[in-house]
**Student:** 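Here's a structure for you.
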Amino acid sequence: MSEKKMTSSRRHHLKSLVLQVAQQWLEQEKKETAEAKEAYMAEHCPAPDTAGDQAALMEYCKKLHAALDKIDEERYDIEAKVQKADKEIEDLKIKVVDLVGVKKPALKKVRMSADAMLKALLGSKHTVNMDLRANLKQVKKETKEEPTEAVGDWRKNIEDKADRKKMFESS
């Protein structure tokens, strides 16, 4: 048999071997973490000394409470620092967006009639007719006829205007 044509039983066998090795590694890793945890606890948290009278036990409890209070204060301080840092990060992100600006997409030119635009905005229920010329009143044009007498002699008109000019000058 060639290497390219691997039978399914051989493939399953290799898969099972790989899974067994992975399972052994996971078990070994669990053991190592458990041992590391036990070593840490033994180093940092010694077994309580319960031998002694009641006063010694009360003193030991007070020490434990003091240690817990100190740890809680440190935890609270660290949480406050983390929250402050998160707020600063958010502010800086906002400043970056303000400085860079929001990129506006290029608008596409859409050819749409006013009727189609109103129909799209208002929905199909409202049918508004934008034919404004249909709403206008029809007005008949009248031809204005000037009297022919007014044309008359142009010299006479000039003399009348001259008389008016004299009236304004004299007053």
**Student:** Say you draw a straight line from NZ of Lys15 to CG of Leu19; how long is it, rounded to the nearest 0.5 Å?
**Tutor:** 8.0 Å

**Student:** Decide side chain to side chain contact (heavy atoms under 4.5 Å, CB included) for Val97 and Lys93; before the verdict, give the C-alpha distance in whole Å, the side-chain angles of both, and the deciding distance to 0.1 Å.
**Tutor:** CA-CA 6 Å; Val97 168; Lys93 283 182 181 178; 5.7 Å; no

**Student:** How long is the straight-line distance from CG of Leu57 back to NZ of Lys62, given to the nearest 0.5 Å?
**Tutor:** 12.5 Å

**Student:** Output, in order, the C-alpha distance, side-chain angles, deciding distance and verdict of salt bridge (Lys or Arg N to Asp or Glu O under 4.0 Å) for Glu27 and Lys31.
**Tutor:** CA-CA 6 Å; Glu27 289 173 2; Lys31 286 179 185 176; 5.8 Å; no

**Student:** Would you name the heavy atoms of His13 and Ser16 that are closest together and state the gap between them?
**Tutor:** O-OG, 2.7 Å

**Student:** Let's go through Leu17 and Gln20 carefully: what are the C-alpha distance in whole Å and the side-chain angles of both, what is the deciding distance for side chain to side chain contact (heavy atoms under 4.5 Å, CB included) to 0.1 Å, and is it a yes or a no?
**Tutor:** CA-CA 5 Å; Leu17 288 176; Gln20 285 176 357; 3.9 Å; yes

**Student:** Do the side chains of Leu26 and Gln23 get nearer than 4.5 Å, heavy atoms only?
**Tutor:** no

**Student:** Report the C-alpha separation of Lys81 and Ile78 in whole Å, then their side-chain angles, then the decisive distance to 0.1 Å, and conclude whether the side chain to side chain contact (heavy atoms under 4.5 Å, CB included) test is met.
**Tutor:** CA-CA 5 Å; Lys81 286 180 184 177; Ile78 291 172; 5.5 Å; no

**Student:** CD/Glu74 to CG/Asp69 distance, rounded to the nearest 0.5 angstrom?
**Tutor:** 11.5 Å

**Student:** Give, for atom CG of Leu99 and atom CD1 of Ile94, the distance between the pair rounded to the nearest 0.5 Å.
**Tutor:** 12.0 Å

**Student:** Salt bridge (Lys or Arg N to Asp or Glu O under 4.0 Å) between Lys95 and Asp98: does it pass, once the steps are laid out?
**Tutor:** CA-CA 5 Å; Lys95 283 184 182 179; Asp98 288 345; over 6 Å; no

**Student:** Is any side-chain N of the basic residue among Glu59 and Lys63 closer than 4.0 Å to the acidic one's carboxylate O?
**Tutor:** no

**Student:** To the nearest 0.5 angstrom, please state how far the CG atom of Asp53 sits from the CE atom of Met58.
**Tutor:** 11.0 Å

**Student:** Hey, does Trp25 have a side-chain heavy atom less than 4.5 Å from the side chain of Val21?
**Tutor:** yes

